[in-house]
Structure formats: C-alpha cells, structure tokens
Amino acid sequence: MSITRKLEEQLAVPSPEQLAWQDMELGMFCHFGINTFCDQEWGEGKDAPALFNPERLDAKQWARSAKEAGFRYLILTAKHHDGFCLWPTATTDYSVASSPWKEGKGDVVKECAEACREEGIGFGIYVSPWDRHEPCYADPQQYDDFYCRQLEELLTGYGPLVEIWFDGAGSEGREYDWPRIMGLVKKYQPSAMVFNMGAPTIRWVGNEDGVAPYPCWNTADSSRGSMFSEESLKWLTETPSWVPAECDVPIRKDRWFWHPDEEHLLLSLDQLKDIYYRSVGHGATLLLNVAPDPRGLLPEADVKRLLEFGREIKRRFGSALAEGSGSGEAVQLILPQACVIDHVVVMEEIAYGERISQYVLEAFVGGEWLELTRGSAIGHKKIDAFSPVTTDKVRLRVLEAAASPVIKKLAVYRCGQ
C-alpha cells in the first residue's frame, strides 16, 4: 500500500453536524406553493394569493410517507422565486395570510415542522434569495433588510432546522449580504447545514438528475472544478474544507412542482434504484422531490412509487449476510458459511477524514483470491455491485491512502436483480 506523506492532522474532517447529516443519507424535498395552483415551475410573483387554497392539506401525510420510505429529513419550499411565503410573515402580504386557506390563519411551515417532529425526522427549509414579487428587490440594501427579516422569522419560529437551502437560481451576478445572512444562521440555527450559497457546509452536486460523479470527494479542494459554479467559488473562503454533496432530483422527471395529468413522468423503480446507487452509493446524500398537489396531499401514485423505492432499498440492504469493521491496509470479513454474494458496501470512518484513494475488493473462491472490483473514493459509503460469486471470505485491500485507513463497515449482500 502507498501512503502519501500527509500528516493525519492535515486531513479535512467533517464537523459533528456534517457527520450526522451524512449519516441520514436520504431526504425528501417538497416543492409546494402558489405554483402548485398555476401549473407552472417558476412564477413571476404576480399570481393572486386567492389561488392558494389546499383544502385538505395534511403535512402529517408528507412526513409519514417520508418516514415510512426510510427518508430521514424533509425540506419544504417556504419561499420560492415567486416570493409567495408559506408562513404568515410580517414582511409582506404576499403570503398564506392573504389566502382563503384556513381564512388566512394557516401556516404551512408550522404544520410541516410539527409533522416532522412527530415522525422523528429532520425538518429543513428552502428560502429563495431571488424574489420576483418584492418591489424592493431592485434595491440591494433594502432587500437585504427584507430578506434577513424573513429569514429571522423562519430561523426562530419553527424549532431546530436540519438544513437551510439557498437556491442560486436567478441570483447570478447579485451580491447579497452573506456575512449578515450567515450571522443569523449561526446565531439561531448553528447546527443546520447550509446548502450551496453563503458559507455552505454542503454543496450542490452539479446536476438535477440525483446522481454524483465517481469519485465524489468530500473536500472542497477536490471538488472545485466539477461541483461549484464560478458564481459560488467566491464564498469558498468561508466554507469548511469538508463540504459533502447533496443530489437533488424530482420523482417526476423535470417537474419540481405538481402539474395535472403527469403521472406518466414518474420515475420507474429501476430509475430510482439507479439514482440511489449513484448518489448514496457514491458517498453523497439523495434529496428526492415529491410535490404535494392542490389538495395539499402527496399524490397517491407518487406515494406508491416512493414506498416501493423504500421497500426495495430495505430489501437489498436492510440485512447483511455478514458485516465487520477494521483498520489498516487490509480488512477481511469471514462469512458464517459459504454464500452467494453480489454486493459489497464499504464505509470509511470519516470522522477521521477521507483517507482511501485506491482500493480493491476480493473474494476467496476456489482456494485463491478473486478480484471482484476496484475503485478510488469510499468516503461515507461506496456500494459495489458485481456478478454473483460463492465465497466464505471477502477482503478489502487498500492500495493508496493519505493516512492509515479506518473502515467503519464492510458488509456483503445477495441482492439479486
């Protein structure tokens, strides 16, 4: 094994909050708002609040569906680019308070936050910096005041947040007061992950297909070329060295908000499985969007597919044939008996950093070690699939590493087709 001459203490490591976030692996996105009632993806901020009336809204159904499918956090679009607010903000009348829903006394953010707490999953918010409705957006200083007041309401009124999602769309070339914005986040929600802008602690993977390239390194220096836009590079000086990727994708192809008669756009179970392998299986976190409809419910077809997906992940990886851990240049796993295997899952103990840069997986077959597959990054999790073999021993050999490898998990599975 080749270990580079890099001191262990120089390796980037995750914060405890980043570590906990990466362990969640699966999040559900809910794009919901005035667009839901207008058959559109990006509103211009001119749609009347009177259109917003989800008479059967049930945030418990959203959170319950996420939990049942094995998802560990949920992010709600509290404000999209159109500027319509899903909470009764004091900053503008362009909100649920001006809608007929619950006679203007409703609060979608509150209902969603409470539902997530009931189900024991994390809650996060998407708060678009770009605002196509607010007149003061044309005045950067006035809008920074406006936006910070909105953000302060959200950061202080809805309990602990697991993630704050700053979408960069529409903000190209715009200078927001990020030091001030991040000051509010650090003051009120210091444990929340910050997505994409400001001083991000997690990064956009670079596409909306839900897949991470391989290798998908966790360090900022390793990912600048492919993961960050030129616009976001200027904030990297305030970003930690460890900045893992989140892969966002809608369950209906290219549709973030609900639209009528588009069930045919639902991704198939095989497509979702492929996305899982190329997101979570590449060490990233998957954020799957399931959009509520105008009733305020997740559509039945979408929930059915979501739960099928959750069951398939559990079927494949819910119970290992054998599992172990270890450290050093080789970690061996002895199975209770000879078994057919076709998957190996490896996890580094990333609390010590991402150390491995080349590895090979082998199975003991016919009295000798047979190579199953090889790769570079392992990081939080690497899922390797290969043709079935019958074996009673598997080993991971590390070929290159920045420091002594620490393997949190080495597990084998028989998943089938």
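Only this structure's heavy atoms are used, side chains among them; waters, hydrogens and symmetry mates stay out. Bear in mind the structure is a predicted one, so any value in this text is a computation, not a measurement.
Side-chain contact between Arg174 and Pro140 is present, with at least one heavy-atom pair separated by less than 4.5 Å. With contacts defined as side-chain heavy-atom distances shorter than 4.5 Å, the pair Leu287/Trp165 qualifies. Residues Cys85 and Lys79 have side chains in contact (heavy-atom distance under 4.5 Å, counting atoms from C-beta outward). Looking at Arg316 and Tyr413, their side chains never come closer than 4.5 Å, going by heavy atoms from C-beta outward. For the pair Leu26/Val280, a side-chain contact is recorded, criterion being any heavy-atom separation below 4.5 Å from C-beta on. Residues Met28 and Leu298 have side chains in contact (heavy-atom distance under 4.5 Å, counting atoms from C-beta outward). Side-chain contact check for Phe32 versus Trp258: every heavy-atom pair is 4.5 Å or farther apart. Side-chain contact between Cys148 and Ile181: present, with at least one pair of heavy atoms (C-beta onward) separated by less than 4.5 Å.
Shortest non-hydrogen contact noted between Trp87 and Val96 is C-CG2, 3.6 Å. Smallest separation of non-hydrogen atoms from Tyr352 and Leu11: O-CD1, 4.1 Å. Taking every heavy atom of both residues into account, Tyr137 and Tyr176 meet most closely at OH-OH, 2.7 Å. Considering all non-hydrogen atoms of both residues, Gly210 and Ser279 come closest at O-CB, 3.3 Å. Here the shortest heavy-atom pairing between Ala322 and Leu333 reads O-CD2, 3.7 Å. Heavy-atom minimum distance, Ala12 versus Thr219: CB-CG2, 3.7 Å.
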>> salt bridge (Lys or Arg N to Asp or Glu O under 4.0 Å), that's the test. Do Lys102 and Glu111 meet it? Break it down for me.
In response: CA-CA 12 Å; Lys102 295 195 171 181; Glu111 293 196 20; 2.4 Å; yes

> Do Ile383 and Tyr276 pass the side chain to side chain contact (heavy atoms under 4.5 Å, CB included) test, and can you show the C-alpha distance, the side-chain angles, and the key distance before you say yes or no?
Replying inline: CA-CA 10 Å; Ile383 300 175; Tyr276 179 82; 3.8 Å; yes

> What's the verdict on side-chain hydrogen bond (donor to acceptor under 3.5 Å, both in side chains) for Glu134 and Tyr143, showing C-alpha distance, side-chain angles and the deciding distance?
Replying inline: CA-CA 8 Å; Glu134 179 52 40; Tyr143 182 73; over 6 Å; no

> Would Gln150 and Thr89 count as a side-chain hydrogen bond (donor to acceptor under 3.5 Å, both in side chains) if you check the C-alpha gap in whole Å, the side-chain angles of each, and the deciding distance to 0.1 Å?
Replying inline: CA-CA 7 Å; Gln150 288 192 331; Thr89 176; 4.6 Å; no

>> Please evaluate residues Tyr126 and Trp256 with respect to the criterion ring pair (Phe, Tyr, Trp, His ring centres under 6.0 Å), reporting the C-alpha separation (whole Å), side-chain torsions for both, the decisive distance (0.1 Å), and the verdict.
In response: CA-CA 13 Å; Tyr126 167 120; Trp256 293 97; 9.1 Å; no

> Would Trp217 and Glu354 count as a side-chain hydrogen bond (donor to acceptor under 3.5 Å, both in side chains) if you check the C-alpha gap in whole Å, the side-chain angles of each, and the deciding distance to 0.1 Å?
Replying inline: CA-CA 8 Å; Trp217 304 107; Glu354 194 169 27; over 6 Å; no

>> Determine whether His81 and Ser128 satisfy the following criterion, side-chain hydrogen bond (donor to acceptor under 3.5 Å, both in side chains), listing intermediate values before the conclusion.
In response: CA-CA 6 Å; His81 312 317; Ser128 173; 2.8 Å; yes

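Summarising the geometry, atom CG belonging to Leu74 is positioned 12.5 Å from atom CD1 belonging to Ile125; distances are rounded to the nearest 0.5 Å. How far CD1 of Ile251 is from CD of Gln271: 10.5 Å, rounded to the nearest 0.5 Å. The distance from atom CZ of Arg149 to atom CG of Asp144, rounded to the nearest 0.5 Å, is 11.0 Å. The line from SG of Cys247 to CD of Glu208 is 12.0 Å long, rounded to the nearest 0.5 Å. Gln22 contributes atom CD, which lies 4.0 Å from atom CD1 of Ile350 (distance to the nearest 0.5 angstrom). To the nearest 0.5 Å, the span separating CG on Asn196 from CZ on Arg203 amounts to 11.0 Å.
A side chain to side chain donor-acceptor pair (under 3.5 Å) check over residues 60-72, counting only residues at least two apart or in different chains, returns nothing. Sorted by first and then second residue, the ring-ring contact (aromatic ring centres under 6.0 Å, His included) pairs involving residues 358-394 (not counting sequence neighbours) are Phe364-Trp369. Within the structure, ring-ring contact (aromatic ring centres under 6.0 Å, His included) pairs that include any residue of residues 282-316 comprise Tyr214-His282 (at least two apart or interchain).
Using a 4.0 Å cut-off between charged nitrogen and carboxylate oxygen, Arg305 and Glu308 count as a salt-bridge pair. A salt bridge is defined here as a Lys NZ or Arg NE, NH1 or NH2 lying under 4.0 Å from an Asp or Glu carboxylate O, and Lys273 with Glu312 fails to meet this definition. Classification of Glu300 and Arg295 as a salt-bridged pair holds, one side-chain N sitting under 4.0 Å from a carboxylate O. With respect to Glu348 and Arg355, no salt bridge is recorded, no charged nitrogen being found less than 4.0 Å from a carboxylate O. Here Arg180 pairs with Asp145 in a salt bridge; the nearest charged N to carboxylate O distance falls below 4.0 Å.
Partners of Tyr158 under the ring-ring contact (aromatic ring centres under 6.0 Å, His included) rule, at least two apart in sequence or in another chain, do not exist in this structure. Considering only residues two or more places apart in sequence or on other chains, Glu368 meets the salt bridge (Lys or Arg N to Asp or Glu O under 4.0 Å) condition with none of them. Applying the side-chain contact (heavy atoms from CB on, under 4.5 Å) criterion to Thr390, with sequence neighbours excluded, gives Ala338, Val340.
When each of Val109, Val162, Ile75 is tested with Phe123 by the rule side-chain contact (heavy atoms from CB on, under 4.5 Å), just one qualifies, namely Val109.
Using cut-offs of 30° and 60° on the angle between ring planes, the pair Phe166 and Tyr147 is tilted.
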